[in-house]
Amino acid sequence: MNAVRPTAPFGRRAVELTAVRSFGEYTVLDVHDPEAPNALPGQFHMLSAEVGWGAGEDGRPWLPRAISFLTSDGEGGFGFLIDSVGPGTDRLTRMEPGERLLVTGPFGNGFQPVGASRRPLLLGGGIGAAPVMAAAEALAKQGTGYDLVLGFRGSEQGAISALAEVATVVTDDGSLGDEGTVIGPLMETANDSTEILACGPPAMLEAVRALAAERGLPSQLALESPMACGFGACFGCAIETKRGTLRLCVDGPVLAGDDLVAVTASGRAGAQ
C-alpha cells in the first residue's frame with residue numbers, strides 16, 4: 001500500500017486541554033493544536049502531561065503514550081480516546097481542562113481512500129473504535145456512504161458509541177446493542193463491493209483478515225502495539241509481514257490485509 005500521509009512538525013508542542021469527557025471506561029481529551037497538520041484517521045500522536053509525568057519521589061519520567069484520535073475538526077481540534085490501563089494512561093485520564101498536554105505527531109500511516117467503486121465497512125473493537133470512528137467522521141464530511149460496526153466487552157466500554165452518528169453496536173454480554181462480536185455484522189454486510197477498514201485486538205483483526213482473504217476483499221487493518229518512541233528508533237513495535245519486518249510506527253499502524261500472514265499478539269507471523 002503506497003501511503004500518503006501528513007507528517008509531524010519537528011519537536012513537541014504544548015497545547016491546552018479544552019475539555020475532558022468521560023464515556024464509561026473511556027476518557028476523551030479535547031485539545032486545540034493549531035500547529036498540527038490535518039491528520040489521517042489511523043495516524044497517532046505521542047502524548048504526555050506537561051507536569052506530573054513521572055513516578056516515585058524522584059519523578060522518574062514515563063514514556064509518552066501513543067494515542068489515536070477519535071475526532072478532528074480539520075482546524076487543529078482533536079479529541080483523543082484514552083483507556084486507563086497503566087500509570088501513564090491513568091495520568092492522562094486524571095488531567096483537567098486548562099492543563100497542558102505535550103503532543104508530537106501525527107505519526108505513521110493512516111487509512112487510505114477506498115477504491116472508487118467500493119463502499120467502506122468500518123469495524124472497531126474496544127479502544128480500536130477511535131480510528132474507525134474518526135474515519136466515519138471524515139467520510140461523513142465528504143458525503144461518502146459507509147457502514148460502521150463497533151464491538152465492545154460491555155456497556156461501560158460501549159458508552160463511547162454514543163458519539164457515532166450511525167453505527168451497529170455489539171457487545172460480548174449483550175448489555176448494549178446486540179450480543180456478539182463484529183464478525184457477525186461483517187459477514188452479514190460485506191459483499192463484492194466492500195472494502196474493510198478495521199482496528200481492534202489481534203484476535204478480532206486476524207478474524208477480519210482471514211475472512212477478507214477468503215472472500216477476496218481488500219482490507220486495511222490498523223494494528224495496535226506498545227510504542228516507546230513513535231518514529232522508528234526503538235523497534236519495539238516491529239512485526240513480521242510478507243514484506244519482511246516492519247515497524248508499525250512508521251510503516252503502519254495501518255497495513256493492507258494482503259501484506260499480513262497473520263495478526264498475532266506478539267507480532268510474529270504464526271505466533272500467538
Side-chain angles (χ1 to χ4, degrees), residues 1-10 13 15 28-47 64-82 103-116 118-125 127-148 150 160 163-165 167 195-200 205 208 218-225 227 229-232 237 239 241 246-260:
M1 185 167 61
N2 295 320
V4 176
R5 61 182 177 186
T7 55
F10 182 77
R13 306 179 298 281
V15 298
V28 177
L29 303 183
D30 293 318
V31 304
H32 183 60
D33 184 7
E35 295 181 37
N38 290 333
L40 293 176
Q43 289 191 291
F44 65 95
H45 296 70
M46 302 296 289
L47 307 183
R65 297 301 187 259
I67 303 293
S68 298
F69 67 90
L70 173 76
T71 62
S72 172
D73 63 9
E75 297 179 353
F78 289 95
F80 294 104
L81 186 61
I82 315 293
V103 178
T104 47
F107 292 123
N109 293 310
F111 291 114
Q112 301 298 300
V114 303
R118 295 195 173 274
R119 181 178 176 88
L121 173 54
L122 313 177
L123 306 172
I127 196 70
V132 297
M133 289 177 67
E137 178 185 61
L139 290 167
K141 289 177 180 177
Q142 297 166 11
T144 301
Y146 63 88
D147 298 296
L148 173 62
L150 301 173
I160 195 65
L163 294 181
E165 187 173 327
E195 182 163 347
I196 301 169
L197 283 64
C199 183
L205 290 183
V208 172
S219 63
Q220 300 183 45
L221 307 181
L223 277 63
E224 299 175 338
S225 177
M227 296 180 187
C229 69
F231 47 81
C237 61
I239 66 166
T241 74
L246 300 180
R247 295 163 294 172
L248 284 181
C249 63
V250 291
D251 302 307
V254 178
L255 297 174
D258 286 345
D259 283 340
L260 302 168

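Here the structure is a predicted model, which means the values were calculated and not measured.
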Could you tell me the separation between the [atom1] atom of [X] and the [atom2] atom of [Y], rounded to the nearest 0.5 Å?
{"X": "Leu260", "Y": "Leu221", "atom1": "CG", "atom2": "CG", "answer": "6.0 Å"}
{"X": "Asp30", "Y": "Phe69", "atom1": "CG", "atom2": "CZ", "answer": "13.0 Å"}
{"X": "Asp258", "Y": "Thr241", "atom1": "CG", "atom2": "OG1", "answer": "12.0 Å"}
{"X": "Ile239", "Y": "Asp251", "atom1": "CD1", "atom2": "CG", "answer": "8.5 Å"}
{"X": "Ile82", "Y": "Arg65", "atom1": "CD1", "atom2": "CZ", "answer": "10.5 Å"}
{"X": "Thr104", "Y": "Leu47", "atom1": "OG1", "atom2": "CG", "answer": "7.5 Å"}

Where is the tightest heavy-atom contact between [X] and [Y], given as atom of each residue plus distance?
{"X": "Ala135", "Y": "Pro41", "result": "N-CB, 3.5 Å"}
{"X": "Leu40", "Y": "Gly110", "result": "CB-CA, 4.2 Å"}
{"X": "Ala36", "Y": "Arg13", "result": "CB-NH2, 3.8 Å"}
{"X": "Ala130", "Y": "Leu81", "result": "CB-CD2, 3.8 Å"}
{"X": "Lys141", "Y": "Ser72", "result": "NZ-O, 2.7 Å"}
{"X": "Gly230", "Y": "Met46", "result": "CA-SD, 4.1 Å"}

Backbone N/O of Pro131 and side chain of Ser68: donor-acceptor pair under 3.5 Å: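 Checking the backbone N and O of Pro131 against the side chain of Ser68, no donor-acceptor pair under 3.5 Å is found.
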Would you check if [X] and [Y] make a side-chain contact, meaning some heavy-atom pair closer than 4.5 Å?
{"X": "Leu246", "Y": "Asp259", "value": "no"}
{"X": "Leu123", "Y": "Leu205", "value": "no"}
{"X": "Pro253", "Y": "Phe107", "value": "no"}
{"X": "Asp33", "Y": "Glu35", "value": "yes"}
{"X": "Leu163", "Y": "Glu137", "value": "no"}

According to the interplanar angle, ranging from 0 to 90°, do the rings of Phe80 and His45 count as parallel (below 30°), tilted (30 to 60°) or perpendicular (above 60°)?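 Plane angle over 60°, so perpendicular.
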Go through the steps for Met133 and Leu150 under the test side-chain contact (heavy atoms from CB on, under 4.5 Å), then give the verdict. CA-CA 9 Å; Met133 289 177 67; Leu150 301 173; 4.0 Å; yes
Starting from the C-alpha separation in whole Å, work towards a yes-or-no answer on side-chain contact (heavy atoms from CB on, under 4.5 Å) for Leu70 and Ile160. CA-CA 10 Å; Leu70 173 76; Ile160 195 65; 4.0 Å; yes
Going by the rule salt bridge (Lys or Arg N to Asp or Glu O under 4.0 Å), which residues pair with Arg119 if we only count those two or more places apart in sequence or in a different chain?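 Partners of Arg119 under the salt bridge (Lys or Arg N to Asp or Glu O under 4.0 Å) test: Asp147.
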So, using side-chain hydrogen bond (donor to acceptor under 3.5 Å, both in side chains) as the criterion, who are the partners of Glu195 when residues are at least two apart?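 Glu195 satisfies side-chain hydrogen bond (donor to acceptor under 3.5 Å, both in side chains) with Gln220 once adjacent residues are dropped.
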Under the side chain to side chain contact (heavy atoms under 4.5 Å, CB included) test, which residues partner Ala222, sequence neighbours left out?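 Side chain to side chain contact (heavy atoms under 4.5 Å, CB included) check on Ala222 returns Phe111, Cys199, Val254.
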